[in-house]
There are 2 protein chains.
Amino acid sequence: MGTRMEGIKKQLHREKYKLTPQREATLQVLIENEKAHLSAEEVYLLVKDKAPDTGLATVYRTLDLLSELNILDKINFGDGVARYEIRKEGVKHFHHHLICLECGEVNEIQEDLLSDVEEKVASKYNFLVKDHRLIFHGICEKCQKIK
Amino acid sequence: MGTRMEGIKKQLHREKYKLTPQREATLQVLIENEKAHLSAEEVYLLVKDKAPDTGLATVYRTLDLLSELNILDKINFGDGVARYEIRKEGVKHFHHHLICLECGEVNEIQEDLLSDVEEKVASKYNFLVKDHRLIFHGICEKCQKIK
DNA sequence: GTTAGTGCAAACGCTTTGCATTGCC
DNA sequence: GGCAATGCAAAGCGTTTGCACTAAC
């Protein structure tokens, strides 16, 4: 059984991108922090532990590349910082985020809540849906209890 | 019947904010361009036609103020620019965006597609939903025909 | 008259870019 | 060895802030 890392390495090779230590370290960080919604800066700091000479610009370039190859999702919670997370292999790309207005915690919903809604959009507005972003703002369970 | 502008003026007065020509011009621009999803820069250029001495910083400050008063929605399509649109008075705040990947056009859906989904999120994840953002990326009707 | 609001320019934070150098294939 | 990829520092861009001045109330 191939690991996620192996699969991505093959993809890079297939598409004629060089496998540099910086790219490998970046990938490792993203795989190890699958649910963390890391910013470029955060990825950079973690990459420096593995490959200390890596520059921030390279991390940005790597994140761009991996996003373009659909290995990563670049997401934006509206706070002016781009965040990155690795896509699950093969899985249809549907997950949503719950952002707590009190504590800032970001949680994920993995199930696809929108298939009905997408159908409606397609038929009613003649819009061919390729992807969607759904973010809920509200109060998480923990913060509801504190009040 | 009171206009939207009059209502907002009253609200500003009630909450002890001064009604400056710059604020009035900014409001006018946003009311006249209800569906345009203007960026701060775009608002600024339009405001300068009405009140030429207005500075960009003031436009930013006004947009912030009006967003905090829930007169505007500050929205983010993930392109690194904040956009602003005036809220319909009284109407529950539910609308979504369709962004075309070909031509970049942004269209709105006014109907609430998510009430079922919100209920599910509330009961299943114990998350108290206050607001949501839903953006579809895909191909608009026009661009589908071109192909 | 008081104090919130303003214009300007400088500073900010995240991201991108130019360029000379490095190292993967 | 060739050319993609890198590090560094500088520039870019949208946005925010400090400060002295202005004007709404």
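Numbered from 1 within each chain, the chains take letters A, B, ... in sequence-line order. Everything numeric here is computed off the predicted structure, so don't read it as measured data. Keep in mind that the numbers below use all heavy atoms, side chains included, and drop hydrogens, waters and symmetry copies.
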* Starting at the 5' end of nucleotides 16-22 of chain D, put B wherever the base has a protein heavy atom under 4.0 Å, S where only the sugar-phosphate does, and a dash everywhere else. => BBB----
* Do any of residues 15-45 of chain A sit with a heavy atom less than 4.0 Å from DNA chain C, and if so which? ->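 Lys18(A), Leu19(A), Pro21(A), Ala40(A), in order of number.
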Starting from [atom2] on [N], measure out to [atom1] on [X] and report it in whole angstrom.
{"X": "Asp79(A)", "N": "dG14(D)", "atom1": "CG", "atom2": "P", "value": "18 Å"}
{"X": "Leu63(B)", "N": "dG5(C)", "atom1": "CG", "atom2": "P", "value": "15 Å"}
{"X": "His13(A)", "N": "dA4(D)", "atom1": "NE2", "atom2": "P", "value": "15 Å"}
{"X": "Arg83(A)", "N": "dG13(C)", "atom1": "CZ", "atom2": "P", "value": "16 Å"}
{"X": "Glu68(A)", "N": "dA4(D)", "atom1": "CD", "atom2": "P", "value": "16 Å"}

* Name all pairs fulfilling the salt bridge (Lys or Arg N to Asp or Glu O under 4.0 Å) condition that reach into residues 32-51 of chain B, sequence neighbours left out, sorted by first residue then second. =>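 Sorted pair list: Glu32(B)-Lys50(B), Glu34(B)-Lys88(B), Glu42(B)-Arg83(B).
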* To do: In plain terms, say whether Lys74(B) and Glu85(B) are close enough for a salt bridge, that is, a side-chain N and a carboxylate O under 4.0 Å apart.
  =>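 Salt bridge: no.
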* To do: Sorted by first residue and then second, give each ring-ring contact (aromatic ring centres under 6.0 Å, His included) pair with at least one member in residues 9-36 of chain B; sequence neighbours left out.
  =>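 As it turns out, there is no ring-ring contact (aromatic ring centres under 6.0 Å, His included) pair with a partner in residues 9-36 of chain B once direct neighbours are skipped.
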* To do: Each residue besides Val106(B) in its hydrophobic cluster should be listed here, by chain and number; the cluster joins Ile, Leu, Val, Met, Phe, Trp and Tyr at side-chain heavy-atom distances under 4.5 Å.
  =>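 Listed partners: Ile75(B), Phe77(B), Ile99(B), Ile135(B).
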* Asked: If you fit an axis to the five pairs at each end of the helix from dG1(C)-dC25(D) to dC25(C)-dG1(D), how big is the angle between those two axes, to 10 degrees?
  ->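 End-to-end axis angle: 30°.
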* Identify whether Tyr84(A) and Val81(A) are in the same connected component of the hydrophobic contact network (ILVMFWY, side-chain heavy atoms under 4.5 Å). =>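 In one cluster with Tyr84(A): Val81(A), no.
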